[in-house]
Amino acid sequence: MAETKREIERKYEAPGAGEGFGLPDLSGVPGVAAVIDKGVVDLDAVYYDTADQRLAAAAITLRRRTGGADAGWHLKLPVSLAEGVRDEIRAPLSDDVPRDLTGLVRSRVREADLVPLMRLRSARDVHDLTGADGTLLAEVSVDGVHAERLTGGEGAATWTEIEVELADGGDPAFLGKVEKKLRKAGASRSAAPSKLARALTETGIGPREPQPATDPETPADHVLVYLRTQRDAIVDLDPAVRRDLPDAVHQMRVATRRLRSALRSYRKILDRSVTRPIGVELKWLAGELGVDRDQEVLTERLTAALDELPRELSAGPVHTRLRTWSRAGGSGSRRRLIAVLDGRRYLALLAALDALVDTPPLRAKQPKNALAKAVGRDYERLTGHVEEALGLEPGHERDLALHEARKAAKRARYAAEVATPALGDPAKDVAKHAKALQSLLGEHQDSVMAREALRDLATQAHSAGESAFTYGLLYGREEARAAAAEEELPPLWAKAVSWSR
């Protein structure tokens with residue numbers, strides 16, 4: 001079973017050749033009461049990657065290490081490279097890479113093999129910095145490292161480095177205090193983010209350098225930058241979704257929607273015969289991501305509304321029924337989602353997105369001012385949907401029309417996001433107004449869905465002989481929230497229309 005540890009550390013180059021480097025006296029660091037010598041530990045780690053170093057290119061490391069208190073498999077995922085923050089996921093020692101860890105790198109590795117890439121043996125001289133009450137503040141080590149290639153030819157390197165790792169729950173500012181002492185002793189911040197990155201560089205096999213970014217010039221360039229950003233977001237968020245981190249599913253779903261929307265908005269730039277099937281697959285993925293998410297959002301809304309009621313207005317086992325209803329709606333979909341992310345259909349979609357941004361299917365003939373025209377078309381489409389909805393009487397038909405207007409606002413917003421770097425403030429303003437409409441209409445749609453759920457809950461309660469009073473009360477409040485949103489729409493839309501003129 002894998003476990004996760006948030007790692008905050010800094011690495012330093014030892015002065016000169018580094019041989020025989022001794023730590024300066026760190027007892028004078030503010031807050032340090034004692035420096036405890038823990039002795040020397042011999043560590044032996046084999047790092048795994050694809051033959052073309054896909055993990056290293058993403059600053060991800062996967063190793064099997066023996067020696068020390070944390071022997072086992074370690075997967076390190078970057079959180080903030082600039083601040084030296086990574087999540088380390090650990091699994092027990094085994095001969096093969098644990099399945100829990102291979103899943104977390106699936107979006108990078110795809111169907112390529114993970115092979116031994118580099119072996120690092122370190123003699124680690126460890127010291128604990130503790131406070132007045134004996135609490136561990138940080139671990140400081142001097143590592144004598146020997147690296148040797150295991151693939152890609154022969155090569156070896158040796159160096160000495162200092163590593164300072166903050167204790168769990170410690171204040172990151174403490175690392176700056178330790179750094180002052182180390183710098184006075186001649187140490188300097190390491191240019192490499194990890195031992196593996198340095199080993200790859202010093203043994204002459206990498207790491208693989210990313211392609212230098214170029215400023216977009218044509219409308220197609222701007223579209224492709226946007227598509228690439230969303231593709232990267234999906235790939236980056238995949239491990240977070242698997243780990244069930246907060247908001248990860250929502251953000252990944254948004255990236256799929258942005259991609260699909262851009263493909264539809266910029267059909268005059270990209271060949272629809274190629275992008276249409278990709279759009280179908282993006283819609284499928286967004287649907288799979290939404291199975292739990294929609295239920296979760298609805299449950300949070302109903303729970304918050306129920307918690308706001310005075311106790312005397314909560315008649316019957318309302319909280320219990322809401323929890324039961326929510327669990328039934330989830331229906332084991334998380335396990336299904338992981339199966340989706342491990343499936344061939346998802347991997348095929350990632351491959352199609354790679355091909356889309358690497359060898360884009362550009363149309364031979366593209367209109368002048370393609371970005372402005374695309375934004376204009378989507379804004380006109382939004383106008384039609386909003387005005388249709390405003391012309392209807394309150395009720396089911398208007399609810400449907402407002403939902404379509406919300407989707408049109410989202411599409412206009414995303415189209416404007418693509419164009420903003422090229423068109424500047426005009427596109428930025430479209431995105432701002434569309435986002436405001438999307439937010440208001442989203443509140444309205446959430447109320448529609450909440451009322452449907454409350455009708456369902458009231459029916460279940462009545463059938464069980466329970467009071468349906470509280471569900472009716474909440475239903476009335478949701479009606480009021482929807483009515484308030486509808487009242488806000490005309491002035492908000494009038495503001496958007498006056499700007500566009």
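FYI, side chains are in, hydrogens and waters are out, and symmetry mates aren't considered; it's all heavy atoms of this structure.
The ring-ring contact (aromatic ring centres under 6.0 Å, His included) contacts involving residues 29-58 comprise Tyr48-Trp73, where partners must be two or more places apart or lie in separate chains.
Here the side chain of Asp49 pairs a donor or acceptor atom with the backbone of Arg54 at under 3.5 angstrom. A donor-acceptor pair is defined here as one N or O able to donate and one able to accept, closer than 3.5 Å; no such pair exists between the side chain of Asp143 and the backbone of Glu163. Looking only at distances, a side-chain donor or acceptor of Thr229 sits under 3.5 Å from a matching main-chain atom of Val225. A distance-only check finds a donor-acceptor pair linking the side chain of Thr303 to the backbone of Thr299 [under 3.5 Å]. A donor-acceptor pair is defined here as one N or O able to donate and one able to accept, closer than 3.5 Å; such a pair exists between the side chain of Tyr266 and the backbone of Ala415. With hydrogens and angles disregarded, a donor-acceptor distance shorter than 3.5 Å links the side chain of Asp133 to the backbone of Thr135. Between the side chain of Arg242 and the backbone N or O of Gly103, at least one donor-acceptor pair lies under 3.5 Å.
Counting only heavy atoms from C-beta outward, the side chains of Val340 and Trp284 approach each other to under 4.5 Å. Between Leu129 and Val29, every side-chain heavy-atom pair lies at or beyond the 4.5 Å cut-off. Contact of the Leu474 side chain with the Leu309 side chain is registered, since non-hydrogen atoms from C-beta on lie closer than 4.5 Å. Using a 4.5 Å heavy-atom threshold, the side chains of Arg198 and Val145 count as separate. Side-chain contact between Leu93 and Arg64: present, with at least one pair of heavy atoms (C-beta onward) separated by less than 4.5 Å.
Look at Arg121 and Asp42 and you find no salt bridge, because none of the NZ, NE, NH1 or NH2 atoms lies under 4.0 Å from a carboxylate O. Between Glu417 and Lys435, no side-chain nitrogen of the basic residue sits less than 4.0 Å from a carboxylate oxygen of the acidic one, so the salt-bridge criterion is not met. The residues Arg99 and Asp342 are annotated as not salt-bridged, no charged nitrogen and carboxylate oxygen being separated by less than 4.0 angstrom. Between Arg345 and Glu288 there is no salt bridge, since no side-chain nitrogen of the basic residue lies less than 4.0 Å from a carboxylate oxygen of the acidic one. A salt bridge links Lys11 and Glu9; the closest N-O separation between the charged side-chain nitrogens and carboxylate oxygens is under 4.0 Å. Salt bridge status for Glu443 with Arg301: present, with a side-chain N to carboxylate O gap under 4.0 Å. Salt bridge present: Arg86 and Glu7 bring a charged side-chain N and a carboxylate O closer than 4.0 Å. Note on Arg106 versus Asp238: no salt bridge recorded, every NZ/NE/NH1/NH2 to OD/OE distance being 4.0 Å or above.
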For Leu26 and Val32, run side-chain contact (heavy atoms from CB on, under 4.5 Å): C-alpha distance rounded to whole Å, both residues' side-chain angles, the deciding distance at 0.1 Å, then the answer. CA-CA 8 Å; Leu26 298 177; Val32 174; 5.6 Å; no

side-chain contact (heavy atoms from CB on, under 4.5 Å) between Val178 and Leu137: does it pass, once the steps are laid out? CA-CA 11 Å; Val178 177; Leu137 302 175; over 6 Å; no

Take Leu200 and Leu117 through the test side-chain contact (heavy atoms from CB on, under 4.5 Å) and record every step on the way to the result. CA-CA 9 Å; Leu200 290 170; Leu117 181 68; 3.8 Å; yes

For Asp446 and Arg406, what are the C-alpha separation, side-chain angles and deciding distance, and is it a salt bridge (charged side-chain N to carboxylate O under 4.0 Å, His left out)? CA-CA 11 Å; Asp446 287 348; Arg406 177 184 176 232; 5.4 Å; no

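Gln251 meets the side chain to side chain donor-acceptor pair (under 3.5 Å) test with Asp247; sequence neighbours excluded.
If you check the side chains of Ser273 and Asp271, you find a donor sitting under 3.5 Å from an acceptor. Looking at Glu478 and Ser447, their side chains do bring a donor and an acceptor atom within 3.5 Å of each other. No hydrogens or angles considered: a donor-acceptor pair under 3.5 Å links the side chains of Tyr226 and Arg258.
Here Lys181 contributes atom NZ and Glu179 contributes atom CD; the two are 14.0 Å apart, rounded to the nearest 0.5 Å.
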